[in-house]
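A short write-up of the structure that comes next.
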Amino acid sequence: MNAEALLAAGTPTACAPWPRVVVPRAVWIALREAPGLDLLALWGAPGMAHAAFLDRAAMRVVLASLPAPEGRFPALSPGRPGAVLFERALHDLWRLLPEEAVDARPFLDHGRWPVAGPLSARPAPQEPEAPPMTFLPAEGEGVHQIPVGPIHAGIIEPGHFRFHVQGETILRLEARLGYTHKGTLSLMLGKSPRAAARFAARLSGDSTVAHALAFARAAEAAAGVAAPPRAVAIRAAMLELERLHNHLHDLGAIAGDAAFAALHAECGEWREHLLRAQHAAFGHRLMMDRVLPGGVAQDLEAPGIAALRGVLARIAAALPGLRRIYDSHASLQDRMVGTGIIAPALRDAFAPGGVVGRAAGRAFDARVLNGEMAAEAMPLHAAGDVDARWRQRHAEAGIAIARAEALLAALPEGPLAAPLPPRGGEGVALVEGFRGECLAWVALDDGGLIEALYLRDPSWLHWPLLEAAVIGTIVADFPLINKSINGSYSGVDL
Amino acid sequence: MLWPRLARNLLTRPRTDPPVTPRPEVVAALRERLAEAGQRRLGRSLAIRHVDAGSCNGCELECHALGNVAHDLERYGLRFVASPRHADVLLVTGPLTRNMAEALLRCRAATPEPVWVVAAGDCAVDGGVFKGSYAVLGGVEEAIMPDLVIPGCPPTPTQILEGLVALLEAQAG
């Protein structure tokens, strides 16, 4: 099954700019094994299962849907390990049962919501007794468990990690998430894209620009509207600024988790300078709620542009020094090199996006897909370990500065937003945030209100890779590996 | 080379912001709430346990920024600790999700008295934009009553610091 065969076998819908087809059951099952199609996301709607794939050969997104009138659909997980978490969430939220699923345990639903299947057509009352969480077993002499969380020792989001260890060695890790489930998708349904934008901006606060932009682009595609050129350029600049401040944060925090405080302090200071310039330019340190469907919420004035360009120039000058510090401390590299390796087989099985994928040799960046960046401009540190992910972020920070600087130096004049007419349609968008590609799919009803949607953070494919990358390492290396992958909890918890 | 760096650091201004001053009315109001016992036992330092009750992680970014060289919260005698058993303050962020309510209550139960509860961010104040969701109970007060609220989405590190330093001054009497 390739993309052409998939598109030919299904009934097309009016999805823009990439196609969505409703397929028969046999074609859906064939999607379990489709080498040219990487699974991006799997989600639901009442009576319908949806999947999004990346067609690598044609560099486009392809969506497939299967009607599930009886509340069940064939699981994709038998052939695609990346589908496992999506299928568990699909059952939790939409009450669609994945048949032959590799893992049927709940994920986001902890038995504490008043209803079961909150996004299904008819949510049922929740069972009065929440079943206890079960974890995959590990057996052998001297094996014991370390339960961690949901509240962790640092300043971080909540989630439960269950380690099975033998001595110091990790035999198995399972991340049980869902603690920050806020019902974000349910709050967006029935609202206009403008009114719903603030929820997309809070799917994962560190990726507020990326998710808000993906949602805005999907809503614009659905409504058949194009954002004006000035808004497009300001949004692209914000996306690079967000990438830079997060990469600086991670470059420092990874070193901090190896107890190398100097680099942590240095990166933290540069990040603070950048956030202050962002505050001066946008009135918000993280640029929250500045991206709106149709354009941007506010203009970027000359003093703000000057503040941003000034600090970008200073960070660009400081970046080589940060790498020199990293390169000149063998004790630091000793912790990074060869730690938490994501092997090529795992990379290919999960097809992760972002830094995690590129630092394991997967050459994909949604900016290339969208024609915003040349494929040759994409750096690849392909070793797949913590060191590669640090170096990948460092290289990408430099590119983010160059891109932001080029955009800020030549902002086109013109209006800031286009009106969103109240009409129906369906749109999808893929935006490269600092973690990887953020996908948004939006269907509007005839009045222009959200009828169905999905927002997918890149972390869905990163969490299972964290579980795999720590096997055989020692417990003390877990924080380092975890930080170098840096999955979002809220982004997955929805 | 160490010497050029040392010389440069001796000749340049500190990279840390001037200290924040809390608003006197906040200090006065808080002082009334803090018991004598608290003043004696805590002195001029506070150990803070951060609890994310369901946030989008925006508040966490700003809590992290409290530790950078510009804000440097440890100069005020404030520090984040790894366990509620070591904490004087529970700094709670995020709307209180149904999936986190039990963990927050257990965390509160594990914190020795006296403890001051700070709700940081619009979500922690009353559920914020997530108010009314099937998965969200509301603000922190749905489980434990906060002594101080710091609004903002997210509050800036300076706003969080003003709140925490007000707490410090109030309990120093």
Side-chain angles (χ1 to χ4, degrees), chain A residues 108-115 118 123 149-158 160 178-184 186-187 198-199 201-208 245-246 249 252-253 256 264-273 275-276 279 284-286 288-289 488-491 493-494, chain B residues 15-17 48-72 80-84 91 93-104 106-107 110 121-123 127-137 152-158:
Chain A
L108 302 180
D109 187 353
H110 297 186
R112 296 168 187 273
W113 307 331
V115 291
I151 300 174
H152 300 296
I155 302 169
I156 192 163
E157 301 171 77
H160 183 88
Y179 289 92
T180 76
H181 178 75
K182 298 180 267 296
T184 305
S186 80
L187 292 168
R198 60 189 167 143
F199 296 102
R202 285 161 184 79
L203 186 73
S204 182
D206 48 18
S207 305
T208 177
H245 84 68
N246 278 299
H249 188 63
H264 189 199
E266 195 88 21
C267 292
E269 188 183 4
W270 286 117
R271 179 172 179 274
E272 180 68 25
H273 287 311
L275 294 190
R276 289 179 182 195
H279 187 262
H284 193 286
R285 284 163 56 91
L286 305 177
M288 221 169 228
D289 300 325
S488 168
Y489 299 70
S490 182
D493 286 349
L494 295 170
Chain B
R15 293 191 263 180
T16 306
D17 285 353
I48 306 162
R49 175 64 263 205
H50 163 255
V51 182
D52 177 344
S55 86
C56 77
N57 78 31
C59 288
E60 283 57 51
L61 291 180
E62 296 299 45
C63 288
H64 269 288
L66 289 173
N68 70 29
V69 295
H71 297 109
D72 188 19
F80 283 102
V81 293
S83 167
L91 180 69
T93 57
L96 180 61
T97 65
R98 290 180 185 270
N99 286 353
M100 269 304 286
E102 184 188 341
L104 178 62
R106 285 201 195 184
C107 180
D122 288 349
C123 290
V129 300
F130 300 104
K131 202 165 23 186
S133 159
Y134 64 85
V136 166
L137 291 167
C153 187
T156 64
T158 309

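Lettering follows sequence order; numbering is per chain, from 1.
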Interface moiety of [X] toward chain A, non-hydrogen atoms closer than 4.5 Å:
X: B:Arg49; value: side chain
X: B:Pro154; value: both
X: B:Phe130; value: both
X: B:Cys123; value: neither
X: B:Asp72; value: neither
X: B:Val69; value: side chain

For [X], which atoms come within 4.5 Å of any heavy atom of chain B: side chain, backbone, both, or neither?
X: A:Ile155; value: both
X: A:His284; value: side chain
X: A:Arg202; value: both
X: A:Leu108; value: backbone
X: A:His249; value: side chain
X: A:Phe199; value: side chain

Closest-packed option against chain B by number of heavy-atom pairs under 4.5 Å, given [options]:
options: A:Pro150, A:Gly154, A:Pro158; answer: A:Pro158
options: A:Ser204, A:Ser488, A:Ala153, A:Gly491; answer: A:Ala153
options: A:Gly149, A:Ser207, A:Gly183; answer: A:Gly183
options: A:Gly111, A:Pro118, A:Ser186; answer: A:Pro118

| field | Any donor-acceptor N/O pair, B:Thr97 side chain to A:Lys182 backbone, under 3.5 Å | value |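 No; zero donor-acceptor contacts below 3.5 Å.
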Taking atom [atom1] of [X] and atom [atom2] of [Y], what is their separation to the nearest 0.5 Å?
X: B:Cys56; Y: A:Asp493; atom1: SG; atom2: CG; result: 12.0 Å
X: B:Ser55; Y: A:Tyr489; atom1: OG; atom2: OH; result: 11.5 Å
X: A:Leu275; Y: B:Glu62; atom1: CG; atom2: CD; result: 6.5 Å
X: A:Ile151; Y: B:Ser83; atom1: CD1; atom2: OG; result: 10.0 Å
X: B:His64; Y: A:Arg271; atom1: NE2; atom2: CZ; result: 8.5 Å
X: B:Met100; Y: A:Glu157; atom1: CE; atom2: CD; result: 11.0 Å

| task | Taking the side chain as every heavy atom from C-beta outward, state whether B:Leu137 and A:Arg112 have any atom pair closer than 4.5 Å. | result |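 Result no, sub-4.5 Å side-chain heavy-atom pair not found.
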| Should the pair A:His181 and B:Tyr134 be assigned to parallel (<30°), tilted (30 to 60°) or perpendicular (>60°) ring geometry? |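 Tilted.
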| Shortest non-hydrogen contact between A:Pro114 and B:Arg98, atoms and distance |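 Answer, listing the atom of A:Pro114 first, then B:Arg98: CD-NE, 3.4 Å.
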| query | What residue, out of B:Leu61, B:Val136, B:Thr93, has the most heavy-atom pairs lying under 4.5 Å from chain A? | reply |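 Ranked by heavy-atom pairs under 4.5 Å with chain A, first place is B:Leu61.
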| field | Option in B:Asp52, B:Asn68, B:Asn57 with maximal non-hydrogen atom pairs under 4.5 Å from chain A | value |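 Most heavy-atom pairs under 4.5 Å with chain A: B:Asn57.
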